[in-house]
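Excluded from the calculations below are hydrogen atoms, water molecules and symmetry mates; all remaining heavy atoms, backbone and side chain alike, are included.
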Amino acid sequence: MRNRSRSSWLLLIAALALTALGVTFAALTGEDAPKPGPHAKDPACAALAERLPGKLAGLSRQGALSPGVTVWGNNEVIARCGVTPPEKTTDACASINNTDWVIREMPDHGRGGRLLVTYGRRPAVELTISERSKSVDAVLVALSDAVKPIATQSKCLDQQGR
């Protein structure tokens, strides 16, 4: 009886572990999972992935879910390399460590936060920074430095007359 009870507990624990693993996998690959950009397989994106930090503003890197996509924390910061570069725009633009970022409204996913896209670089890099992030400045400085080796073709601040 004792062995049967022990094996029942082990089966229950194994079933719970597999269920939790399945839920985690579904969460990472489901509808809310970040999708790769159309140019994610560009060699510049592979090189960028090598330069991205393991820790970002105190958040651990969760790795690449798909080519060109890197996540820190619990989707607190998402970097997608290989997105289509923005055209000339009147959207707000910030230059951080010589990397220009166009600041866009966050798509309505009910999460809030900031959406930034590099300007004047091919391939472009898109950052989604959750409203939970307490260190937006640290994130932008670290990722601007990582993006910097992607060749600059134009500057958004120049075209805005600033």
Side-chain angles (χ1 to χ4, degrees), residues 21 24-162:
L21 188 63
T24 300
F25 181 76
L28 292 175
T29 59
E31 195 171 306
D32 285 344
K35 308 279 188 267
H39 311 287
K41 293 185 179 178
D42 187 295
C45 290
L48 173 65
E50 296 294 319
R51 292 189 300 273
L52 293 174
K55 285 245 185 222
L56 183 63
L59 303 170
S60 295
R61 182 174 169 174
Q62 294 180 329
L65 301 177
S66 58
V69 178
T70 305
V71 175
W72 289 267
N74 186 19
N75 284 348
E76 201 162 316
V77 177
I78 301 167
R80 292 188 330 129
C81 183
V83 300
T84 303
E87 299 296 323
K88 285 186 176 184
T89 181
T90 57
D91 291 343
C93 183
S95 185
I96 294 143
N97 289 349
N98 213 20
T99 300
D100 286 358
W101 296 93
V102 174
I103 303 164
R104 298 265 167 93
E105 291 297 318
M106 182 71 142
D108 185 21
H109 293 293
R111 289 185 226 136
R114 294 172 180 87
L115 181 71
L116 298 101
V117 183
T118 56
Y119 186 88
R121 296 174 192 267
R122 287 190 187 275
V125 177
E126 176 187 272
L127 294 181
T128 305
I129 305 173
S130 165
E131 66 183 1
R132 297 183 317 263
S133 181
K134 294 174 179 39
S135 302
V136 174
D137 293 343
V139 167
L140 285 173
V141 168
L143 295 181
S144 292
D145 288 343
V147 167
K148 202 180 297 184
I150 298 174
T152 303
Q153 299 169 347
S154 61
K155 307 280 285 169
C156 66
L157 294 180
D158 290 343
Q159 61 105 12
Q160 291 180 350
R162 294 181 194 160

*Could you grab the distance from atom CG of L143 to atom CD1 of I129, nearest 0.5 Å is fine?*
7.5 Å

*Taking the side chain as every heavy atom from C-beta outward, state whether D42 and C81 have any atom pair closer than 4.5 Å.*
no

*Quick one: pull up OG1 in T99 and CD1 in I150 and give me the separation to the nearest 0.5 Å.*
9.0 Å

*Got a second to check how far L52's CG is from E50's CD, nearest 0.5 Å?*
9.0 Å

*For the student: nearest non-hydrogen atoms of N75 and Q62, plus distance*: N-OE1, 4.2 Å

*Over all heavy atoms of both residues, which pair between N74 and R132 is shortest? Give the atoms and the distance, please.*
O-NH2, 2.8 Å

*Between R114 and V136, is there a donor-acceptor pair closer than 3.5 Å when you use the side chain of the first and the backbone of the second?*
no

*So, for P36 and V69, which heavy atoms are closest and what is the spacing to 0.1 Å?*
CA-CG2, 3.7 Å

*Is there a donor-acceptor pair under 3.5 Å between the side chain of T152 and the backbone N or O of G120?*
no

*Are the side chain of R61 and the backbone of L56 linked by a donor-acceptor contact shorter than 3.5 Å?*
no

*Can you measure from CD (E76) to CD (E131) and round to the nearest 0.5 angstrom?*
10.0 Å

*Would you indicate whether the side-chain heavy atoms of T128 and P34 approach each other to under 4.5 Å?*
no

*Hey, does the side chain of W72 reach the backbone of A57 with a donor-acceptor pair shorter than 3.5 angstrom?*
no

_Taking N97's backbone N and O only, do any of them form a donor-acceptor pair with K148's side chain (distance below 3.5 Å, no angle check)?_
yes

*Do V139 and L59 have side chains that get closer than 4.5 Å, going by heavy atoms?*
no

*Evaluation steps, side-chain contact (heavy atoms from CB on, under 4.5 Å), between L127 and L140*: CA-CA 9 Å; L127 294 181; L140 285 173; 3.8 Å; yes

*List the atom of A44, the atom of P123, and the distance in Å for their closest heavy-atom pair.*
CB-CD, 3.6 Å

*Which heavy atom of P67 sits nearest a heavy atom of A40, and at what distance?*
O-CB, 3.3 Å

_Rounded at 0.5 Å granularity, tell me how far CG in D91 sits from CZ in R104._
5.0 Å

*Does R51 use its side chain to pair, donor to acceptor, with the backbone of P149 at less than 3.5 Å?*
no

_Restricting to non-hydrogen atoms, name the atom on A124 and the atom on V117 that form the minimum distance, rounded to 0.1 Å._
CB-CG1, 4.1 Å

_Reported SG-to-CG distance for the pair C93 and L116, which is rounded to 0.5 angstrom_ = 9.5 Å

